[in-house]
Number of protein chains: 2
Amino acid sequence: MNLSQVKLLIELNRNQFNLSAASDALHIVQSAGTRQLKLLEEELNLALFERKGKRLTGFTETGLKILQQAEKMLLAQDNIYAIALDFHQPQSAHLKIACTHTQAKYFLPKKLVAFKRSHPKVKVHIEQGTPKQLVDWVKQGQVDLAISTEALDDCEQLTKIDCYSWHHVLVVPNHHHLIDGPLNLAAIADYPILTYMAGMTGQGKILQVFKDEGLTLEVDLYATDSDVIKDYVRLGFGVGIIAEMAIDSKLDKDLTVIDLTPWLSACTTKVGFLSNRYLPSFVHDFIELVTNPS
Amino acid sequence: MNLSQVKLLIELNRNQFNLSAASDALHIVQSAGTRQLKLLEEELNLALFERKGKRLTGFTETGLKILQQAEKMLLAQDNIYAIALDFHQPQSAHLKIACTHTQAKYFLPKKLVAFKRSHPKVKVHIEQGTPKQLVDWVKQGQVDLAISTEALDDCEQLTKIDCYSWHHVLVVPNHHHLIDGPLNLAAIADYPILTYMAGMTGQGKILQVFKDEGLTLEVDLYATDSDVIKDYVRLGFGVGIIAEMAIDSKLDKDLTVIDLTPWLSACTTKVGFLSNRYLPSFVHDFIELVTNPS
DNA sequence: GGATTTTACGCATTTCGTAAGTATT
DNA sequence: AATACTTACGAAATGCGTAAAATCC
């Protein structure tokens, strides 16, 4: 067996079993690709691919198992190069974080200040997206880690560590009627609701709680962004349900914040990363930072 | 990079950084080994080994990190060959189990009967040893899995799944004084105790419970084997504390079994294996069998 | 007919082994 | 002196590219 043969398997998988395309990806002529595949199948003495005449149509059952191991081999190889790179230019290192808007704006800043203090030369990238996107980016190795309340748990491959727990709060304009009357879910449901998009920042949990009470929420605005929600609350569109850390006690004096802990259970924000992938020490340092309270 | 270079790293680690020995292990002449190491270090542009003049004395810090990835690469490669082998001769397959005496004699039999029924052609090996040995054997790949109550949890690399929970029982000859009087730990501690060796079958838990009560146990016989303990109980050496599943209601009619659940908490027997290592489907079937209540 | 895979042949590169030389214990 | 590593050189093996043939859609 050969590393180029292993790479060929990966590329065949990426290119819908097209030998020509896979060979191109490896910068060899197509006939060389055919030959290497043939050699590998001969060495293992089994068919890695289903064939329709000469064309490859997919992996065999055994081929699929072998592909999985092939991916592990190449990941480890990539890690070796990453380690070497890390050795040569620790200074020009890049920390790539994927997270949602709420984390980027309200959780990360103080963490990154601390991180920059201990690692002044590391460049930081913050990629924003939906929780599902974050997970994809981590899986594909585009980013080092993802910080999110959602979607991380759905992915088996990711190692997850808790960062912190928090609650949702209700935000209304000052002097809103809800402030005076007795508070309960039914009272809230009387107003148009502004909150997060599906799959973001614990939104599913919010809707579920109202549904369990037999209440239908009239959600008038779905946003990815806590600030957008707050602004439309200011404009009188309705009442907002957002994450508690999205409240800025100085800037949000025109809003009244109402505790929802009696009704909504806590959410836990986590950091997720691929434990198989080599991560430079500064990435581990950063994970340590975000998973330890303040 | 090259698979033979990767193998060379592994062999250098196994052979105390002796290039000649490592080269021998790879069936190449020593000069070829030197050359490959040089090529690899040149490609990565870093020193993998500490050197004293020409001699290699150990891995550098970076070299050690790379060694770990190299081991992952070769493990995945071995897995590919294992998958191919599994494909060609599923019939001549061998299931290698490591466990303690108690598991081999009192837990495995009914499981293996069921396993043999569904996989008649698989040959079964049962390797007995102390819990620590079992863990080593699994880590080194000498066996497919270990079944034990102890030591598995100490090993990070192993994947552990619970098999079943059980309690310790007190065994005494019929008509023993302990049967009539009020039972408590102090009463038991009045007699010489026969039980397992340190590190076996929940022994640590037993001693601890007595110690917590301020009692010192007079252990007159430590054994690895429940049957040995029972026999010496029969001979009047003292009272035995053994695992409940080691009682055979038919063969042990001359012994009285006394429940210890009020004092000793439950033990959990687990199966441990390397999740990185490829295990043929019949091994997974067996794990399923032992982790599901019969 | 265009795209894809297989096979054959010659050339370039890689890697090995032999052998001689250098350093370490 | 024995062991361990490096370097030089020719030989063997591996792997590539070109080109032509076969097959699929």
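Letters A, B, ... are given to chains in the order of the sequence lines, protein chains preceding strands, and every chain is numbered from 1.
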Is there a donor and acceptor pair closer than 3.5 Å between the side chain of Ser31(B) and the base of dT18(C)?
yes
Sidechain N-carboxylate O distance under 4.0 Å for Lys270(A), Asp153(A):
yes
Give a yes or no on whether a donor-acceptor pair under 3.5 Å exists between the nucleobase atoms of dT7(C), that is its base, and the side chain of Thr34(A).
no
Please pick, from dT15(C), dT6(D), dA8(C), the nucleotide with the shortest atom-to-atom distance to any side-chain atom of Arg51(B).
dT6(D)
Could you tell me the separation between the OG1 atom of Thr159(A) and the CG atom of Leu274(A), rounded to the nearest 0.5 Å?
7.5 Å
Using a heavy-atom cut-off of under 4.0 Å over every strand shown, decide if Gln30(B) touches base, sugar-phosphate, or nothing.
base
Any donor-acceptor pair under 3.5 Å between the side chain of Arg55(B) and the base of dC5(D)?
no
Looking at dT7(D), I'd like to know if its phosphate oxygens (OP1 or OP2) sit under 4.0 Å from a side-chain N or O belonging to Lys38(B).
yes
Considering just the side-chain nitrogens and oxygens of Asn18(A), establish if one lies under 4.0 Å of OP1 or OP2 belonging to dT5(C).
yes
Output, in order, the C-alpha distance, side-chain angles, deciding distance and verdict of salt bridge (charged side-chain N to carboxylate O under 4.0 Å, His left out) for Glu41(A) and Lys38(A).
CA-CA 5 Å; Glu41(A) 286 190 316; Lys38(A) 195 183 164 195; over 6 Å; no
Could you tell me whether Phe17(B) contacts a base, only the sugar-phosphate backbone, or nothing, with contacts defined as non-hydrogen atoms closer than 4.0 Å?
sugar-phosphate
Ion pair check, Asp144(B) and Arg277(B), cut-off under 4.0 Å
yes
Whichever of Ile28(A) and Gly53(A) has its nearest DNA chain D nucleotide further upstream toward 5':
Ile28(A)
Using a distance-only criterion (donor-acceptor N/O pair, under 3.5 Å, no hydrogens), is the base of dT24(C) paired with the side chain of Lys52(B)?
no
Ser20(A) side chain near dT5(C) phosphate (N/O to OP1/OP2, under 4.0 Å)
yes
